[in-house]
Amino acid sequence: MAEPFYVTTPIYYPSDRLHIGHALTTTMADTIARYKRMRGYDVWFLTGSDEHGQKIQRKAAEAGISPQEYVDRIVATFQELWRQLGISYDDFLRTTEERHKKAVQTLFRRLEAQGDIYKSTYHGWYCTPCETFWTETRLAQGCCPDCGRPVEKVAEEGYFFRLGRYADQWLRFVEENPDFIQPPSRRNEMISFVRGGLEDLCISRTTFDWGIPVPGDPKHVIYVWFDALTNYISALGWGTSEQEKFEKYWPAVTHLVGKDIVRFHTIIWPIMLMAAGVAPPRRVFGHGWLMVSGGKMSKSKGNVVDPMVLIEKYGADAIRYFLLRELPYGADGYYTEEALVERYNRDLANDLGNLFSRSLAMVERYAGGVVPVPGPATERETELAAVVRHSIARTEQELERLDFAGALAAIWEVVDRANKYVDEAAPWNLAREKQTERLHTVLYHLVETLRVLTVLLAPFMPGLPPRVWPQLGLEAAPQLQEWESIHRWGSFPPGAKVKRKAPLFPRQEGVAAPVAEAATPASTVPQITPRKEVTLTEMATVSIDDFARLDLRVAEVEAAERVAGTDRLLKLALRVGEEERTVVAGIAQVYQPEELVGRQVVLLANLQPAKLRGITSQGMILAASDGEAISLLTVDRPIASGSKIT
Ligand code: MSP
């Protein structure tokens, strides 16, 4: 029987629409869920909405509608976002559902019956945005120590949960389960929090009514965190006569949460469970925050980034890629649209996209679009295979420990190696030199690499495989799309027909700086219509910096003569500004020496000198060639010799 794997996201407050920080946790959860499914686990992936509490009740009142109506509207936008982002959850739990309310009340009753809940009066502080109680001593300059916002004084009758009673049991549990809290830095933080003393937790409120009533005392509603945390088992049917899911998936769970709510998940939640006689969760992972300019995203700062807008602009796969790649393991990451576009263009359009299109273009051009039978592998192929093998192993390890950025970095080792492989193996030369067997070997290893990459990337960018498989001619070969198949290097079936389509990730223009409303009437501004996509994909793209390393100059031919003993070579004496250069050029069959004298040509001046027929050639003059005809590059109008070409 397949091993169970249960993964959860926090249930989000439907007080507002979700932003890109929320999309981060859910994308992580989706990626690990998809990966585990590919590895044959029996996966259950839960997300949902945390709909009760004072904050929501206030928001609804401000909007002049009932809390239920308010949350219904916002929850619909959550579900739409997850649809657009390709989130493959198995269940979406809303805390206003009957199945959940019943479980929360069952848990409350059970703890009360065994004396773990008692009635008293709460005197202290409350942070409504965080829905958190604080004692005077924990406040930071009178404000919430988590979010820094003002707190409200509370003095009300309440039910208390005997959290303190379980402190030792908790410490023992954490010691015996070193992997429970991840990453390890957060574990140490939580241990010192508990060692500092655990107070009993107030778990009911009386000053508003948008919540689950305390059984037998409906003047009180259950504290929203007690309510919310229970979602992880209420969604599995815990406490009902239909508990099969609970029995199957609990406690094989990974709770993914942001660092701000690690305390609730690693201290309060396991203690609630311990008290109820239920095993604590197996693993809680607290990831860092996605920061934006201005720090944390907040409505009041006006720096909230809407993921829907980005998905529309760049596509879901690109947004998922950015989120997963940008946050170093356990640490914070930063979002700017410029950084997003830069990553997109560098990693997706250039590195990955070009590798696909240039490889497929070459199979089409040099092998009629049919994947050829490879000849014997050389050292180059052995090395490529070793990089692939190593990258697969590392991707698997990184995903196990939820280091998504590390896993993607491992996958990009293959992308980089494969691009180098193309440049080094230079299939265009093999084609010209008619080294067909070698050419076929190279083309075969390239498509095999593309297949492996597509499988590796499937959990991260689920929109990619459905676009790639038809291009590789593998849409009807599900066994070659499975994770296990990438451990069998060389499985690509020769004879498959490739079909190159539009680029996977068309380059994005830079982000336009906000322009003040133009003074020029729009009609006088020349309109640039986007050019049709032309793919000249044999060579890797170069950056503008790469181009700047070429010293291209205008040179004047002062003298020209044939090189004795060849019918191809001309020796040219060039003037380049103050300097004289000698260059040997293979143009004698097309140009007579005398017709060149006085002409301006384009010289690559910093090419490493080379000896040809005993003459040192100090550069290269540029010419266009269609394979037969040769045409020298020249300048459009006379210009000082030595002028730089930029
Ligand atoms: N409702 C509670 C969770 C209850 S779980 C039983 C809650 N909701 S929330 O909507 O405020 O936040 C949900 C999650 O979003 C948290 O894990 C939080 O860390 C995360 N994030 C909110 N802003 C974030 C970023 N800017 N970056 C990354 N994650 C962020 O808390």
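In each ligand, atom 1 is the first atom listed, and ligand 1 is the first ligand listed.
- With a 6.0 Å radius and a threshold of 12 heavy atoms from other residues, nucleotides or ligands, E242 has its CD atom at or below the threshold.
- With sequence neighbours left out, Y70 forms a ring pair (Phe, Tyr, Trp, His ring centres under 6.0 Å) with no residue at all.
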Note every protein N or O atom lying under 3.5 Å from an N or O atom of ligand 1, pairing the names and giving the distance.
{"residue": "ligand 1", "atom": "1 (N)", "partner": "I11", "partner atom": "O", "Å": "2.8"}
{"residue": "ligand 1", "atom": "1 (N)", "partner": "D50", "partner atom": "OD2", "Å": "2.7"}
{"residue": "ligand 1", "atom": "10 (O)", "partner": "Y13", "partner atom": "N", "Å": "3.2"}
{"residue": "ligand 1", "atom": "17 (O)", "partner": "G258", "partner atom": "N", "Å": "2.8"}
{"residue": "ligand 1", "atom": "19 (O)", "partner": "D260", "partner atom": "OD1", "Å": "2.4"}
{"residue": "ligand 1", "atom": "26 (N)", "partner": "L290", "partner atom": "O", "Å": "3.0"}
{"residue": "ligand 1", "atom": "27 (N)", "partner": "L290", "partner atom": "N", "Å": "2.9"}
{"residue": "ligand 1", "atom": "29 (N)", "partner": "G21", "partner atom": "O", "Å": "3.4"}

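- Below 30°, between 30° and 60°, or above 60°: for Y159 and H220 the angle between ring planes is above 60°, a perpendicular geometry.
- Every residue meeting the side-chain hydrogen bond (donor to acceptor under 3.5 Å, both in side chains) condition with E80, not counting sequence neighbours, appears here in chain and number order: R83, Q84.
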Just distance, no hydrogens or angles: give the donor-acceptor pairs under 3.5 Å from side chains in residues 286-295, sequence neighbours left out.
{"residue": "H287", "atom": "NE2", "partner": "T25", "partner atom": "OG1", "Å": "3.0"}
{"residue": "W289", "atom": "NE1", "partner": "D260", "partner atom": "OD1", "Å": "3.2"}

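- Heavy-atom contacts from other residues, nucleotides or ligands closer than 6.0 Å to NZ of K55 number more than 12.
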